[in-house]
Amino acid sequence: MEELVSLAKRRGFIFQSSDIYGGLQGVYDYGPLGVELKNNLKAAWWRAMVYERDDVEGLDAAILTNPLTLKYSGHEATFTDPLVDCRNCKSRWRADHLEGNTCPGCGSGDLTEPRPFNLMFKTQLGPVDDGGSFAYLRPETAQAIFTNFKNVMDSTSPKLPFGIAQIGKAFRNEITPRNFIFRVREFEQMELEFFVAPGEDEQWHDTWVAERLKWWGQQGVNENNLELYHVPADELAHYSKATVDVMYRFPHGLEELEGIANRTDFDLGSHSKNQDDLNLHSAVTPNKESNARLAVQNLETKSWVVPFVIEPSAGVDRGVLAVMNEAYRVETLENGSERTVMAFKPHLAPIKVAILPLKRNHEGIVAKAKGLKRELQALGLGRILYEDTGNIGKGYRRHDEVGTPMCVTVDFQTIEEDDTVTVRDRDTMDQERIACADLAAYVRLVSDI
Ligand code: ATP
């Protein structure tokens with residue numbers, strides 16, 4: 001983990017937030033390469049979950065959330081972790097993360113009994129801080145999908161089964177944030193709520209577990225580092241009939257990367273009016289405040305059905321950590337020297353192609369290299385970098401370390417002889433001459449987007 005954290009900072013992937021003021025615990029910023037990697041991972045998810053299907057619509061809802069939403073979702077009452085205080089050194093810890101019931105700070109065994117600590121952040125709304133007008137920062141993106149269920153239904157007229165997908169920030173006041181970007185207080189989620197007819201839920205749950213495993217494989221996560229954990233009944237969240245966690249072998253241990261839950265009809269039922277007419281399977285809090293019936297009507301029988309929900313919910317930051325961990329390798333070369341390579345899948349690589357002019361002050365070479373940069377950038381594959389540091393060998397090493405799949409060198413042969421460039425492959429380090437006229441097609445093929 002230390003090597004990854006150090007590379008992440010040195011090369012501009014991830015920084016401690018508010019670094020110059022000593023940081024803010026459990027909060028990180030993504031730097032120039034991190035933002036590209038994270039955007040590419042989110043784009044890959046969106047492509048698979050929305051564009052490549054015709055039964056899923058997208059949503060981008062607000063972070064500030066009406067307290068009623070989180071009252072009826074059950075979060076106000078139950079979204080807690082068990083907190084213990086150390087009477088000796090006055091520190092606080094999450095009870096289920098303690099080893100051996102002693103304080104990790106001072107080693108004392110003088111701990112209080114665990115008490116529930118609600119993880120939601122509250123923030124004041126408007127100019128008067130009377131304690132009454134506040135909103136929550138959403139602790140998951142899912143709830144806004146449920147509260148927008150009728151809006152999306154009315155505007156897109158889908159038929160069951162169908163889904164609503166969303167990527168966005170979520171906030172949890174974790175008692176002990178730790179392990180770099182694994183457990184943080186501000187993070188992003190990629191969540192799909194997939195609505196199915198009751199009775200078809202178990203089959204769809206299996207389907208989504210298989211789909212999601214396949215997708216992580218496509219992001220370069222080795223299947224040997226993934227394990228499924230069938231959450232036992234006594235550990236299930238209040239809304240869940242069954243949950244399968246996709247566990248990944250992170251540098252600090254095997255932990256949850258994504259949770260895939262069968263949320264039954266709990267959420268739509270909880271947020272719905274006229275609950276008594278809906279034949280709900282789950283036990284919900286009576287709701288007199290919602291103004292919408294969150295159900296679909298069978299046009300022949302006229303009866304209302306509340307769909308069951310299958311929810312694949314993945315953490316973006318945990319995903320970034322997993323793909324960085326998978327990509328990281330240190331190789332010993334034939335001459336005994338070492339090279340560090342981030343072998344990202346090309347579609348995730350922060351920089352797709354680096355264009356290196358052999359001479360940074362040769363007009364013809366520079367003009368050709370800049371022209372190629374413009375041509376490749378226009379393909380819309382992501383960032384194409386023109387870089388004129390002049391030392392090609394060092395450029396190759398730097399781009400190995402940040403995971404650039406291809407370096408293109410423009411030299412005298414390019415402009416004086418045959419209009420070809422050297423394309424150097426990150427993984428094999430092989431170099432081949434490719435005609436400039438074929439370069440765009442080549443880059444598009446290798447980038448796999
Ligand atoms: P954990 O048990 O690790 O706290 P969780 O079961 O509470 O996670 P979910 O509520 O299922 O997590 O959230 C879905 C996904 O959101 C998780 O699989 C994870 O990838 C991500 N996630 C949740 N909490 C955090 C966090 N504090 N920091 C980073 N990612 C998180």
Side-chain angles (χ1 to χ4, degrees), residues 14 17 24-30 34 38 41-42 45 49 70 73-75 78-83 93-97 116-121 136-146 165-193 205 208-209 212-213 215-216 219 221 226-232 234-250 252-263 266-267 309-325:
I14 299 159
S17 194
L24 188 59
Q25 214 199 349
V27 186
Y28 286 88
D29 297 337
Y30 286 77
K38 192 183 190 199
L41 187 67
K42 292 191 284 182
W45 187 91
M49 302 302 250
L70 293 154
S73 68
H75 283 80
T78 65
F79 196 61
T80 59
D81 277 339
L83 172 72
W93 305 95
R94 194 171 141 175
D96 55 342
H97 284 173
F117 171 75
N118 196 296
L119 299 179
M120 289 197 293
F121 284 100
Y136 288 112
L137 302 188
R138 62 185 179 196
E140 59 178 27
T141 66
Q143 291 306 319
I145 295 184
F146 302 127
Q166 180 169 216
I167 299 177
K169 291 266 181 171
F171 300 82
R172 296 183 187 179
N173 197 3
E174 296 281 352
I175 298 166
T176 38
R178 56 186 182 172
N179 294 321
F180 194 35
I181 53 171
F182 174 81
R183 185 173 303 286
V184 283
R185 292 186 167 134
E186 172 174 345
F187 56 100
E188 276 190 271
Q189 293 183 312
M190 310 183 276
E191 295 196 304
L192 171 71
E193 306 303 323
H205 196 189
W208 276 111
V209 171
R212 298 302 304 145
L213 276 178
W215 186 83
W216 283 113
Q219 309 321 306
V221 178
L226 292 171
E227 257 179 45
L228 293 181
Y229 175 66
H230 293 259
V231 178
D234 60 343
E235 284 178 26
L236 288 174
H238 61 280
Y239 51 74
S240 173
K241 168 175 163 183
T243 296
V244 179
D245 287 342
V246 178
M247 310 291 283
Y248 173 70
R249 226 170 294 289
F250 285 98
H252 62 277
L254 186 69
E255 294 229 45
E256 178 179 334
L257 172 63
E258 169 160 0
I260 304 162
N262 181 344
R263 294 182 78 128
F266 176 82
D267 300 275
V309 180
I310 306 302
E311 176 198 68
S313 169
V316 177
D317 311 77
R318 289 186 189 181
V320 167
L321 186 55
V323 298
M324 286 186 78
N325 187 46

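These values consider heavy atoms only, across backbone and side chains, with no hydrogens, waters or symmetry-generated copies. Order of appearance sets the numbers: ligands from 1, and atoms from 1 within every ligand. Quick caveat, the model's predicted, so the values are computed rather than measured.
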| message | Taking the ring of F180 and the ring of H252, is the distance between their centroids below 6.0 Å? | response | no

| To the nearest 0.1 Å, how far is atom 11 (O) of ligand 1 from its closest protein heavy atom, and which atom is that? | E256 OE2, 3.2 Å

| message | For atom 21 (C) of ligand 1, what's the nearest protein heavy-atom neighbour? Residue, atom name and distance, please. | response | G315 CA, 3.7 Å

| Are E235 and Y229 linked by a side-chain donor-acceptor pair shorter than 3.5 Å? | yes

| said: Given 3.5 Å as the limit, does a donor-acceptor pair link the side chain of T78 with the main chain of G74, or not? | reply: yes

| Are any non-hydrogen side-chain atoms of R94 and R178 less than 4.5 angstrom apart? | no

| remark: protein heavy-atom neighbour closest to atom 19 (C) of ligand 1 works out as R318 NH1, 3.5 Å

| Mutual orientation of the aromatic rings belonging to F250 and F182 [parallel < 30°, tilted 30-60°, perpendicular > 60°] | perpendicular

| Looking only at protein heavy atoms, which one is nearest to atom 28 (N) of ligand 1, and how far off is it? | V184 N, 3.0 Å

| field | N/O separation below 3.5 Å, E174 to ligand 1 | value | yes

| query | Does ligand 1 have any atom that is closer than 4.0 Å to a heavy atom of D317? | reply | no

| Which residue and non-hydrogen atom of the protein lie closest to atom 14 (C) of ligand 1, and at what distance in Å? | S313 OG, 3.0 Å

| query | Using heavy atoms and a threshold below 4.0 Å, how should the contact between D245 and ligand 1 be classified: side chain, backbone, both, or neither? | reply | neither

| Hey, are the side chains of V244 and W208 touching, using non-hydrogen atoms and a 4.5 Å cut-off? | no

| remark: of all protein heavy atoms, closest to atom 29 (C) of ligand 1 is F182 O, 3.1 Å

| Is it true that R138 and E191 have a side-chain N and a carboxylate O under 4.0 angstrom from each other? | no

| query | Between A314 and ligand 1, is there a nitrogen or oxygen pair with a distance under 3.5 Å? | reply | no

| remark: atom 25 (C) of ligand 1: of F187, F171, Y28, the nearest heavy atom sits on F187

| request: Check whether any side-chain heavy atom of E256 sits under 4.5 Å from a side-chain heavy atom of R318, and report yes or no. | output: yes

| task | Quick one: look up the protein heavy atom nearest atom 16 (O) of ligand 1 and list residue, atom name and how far away it is. | result | Q189 NE2, 3.2 Å

| Heavy-atom closest contact (R249 atom, L254 atom, distance) | N-CD1, 3.8 Å

| said: Below the 3.5 angstrom mark, is there an N/O of I181, backbone or side chain, next to an N/O of ligand 1? | reply: no

| R172 to ligand 1, any heavy atom closer than 4.0 Å | yes

| note | When distances are taken from atom 4 (O) of ligand 1, the protein heavy atom at minimum range is R183 NH1, 2.8 Å

| note | Per-atom filter on ligand 1: closer than 4.0 angstrom to a heavy atom of L257 are 18 (O), 20 (O)

| query | With atoms numbered from 1 as shown, which atoms in ligand 1 lie under 4.0 angstrom from a non-hydrogen atom of E258? | reply | 18 (O)

| request: Would you please say whether a donor-acceptor pair under 3.5 Å links the side chains of Y28 and D317? | output: no

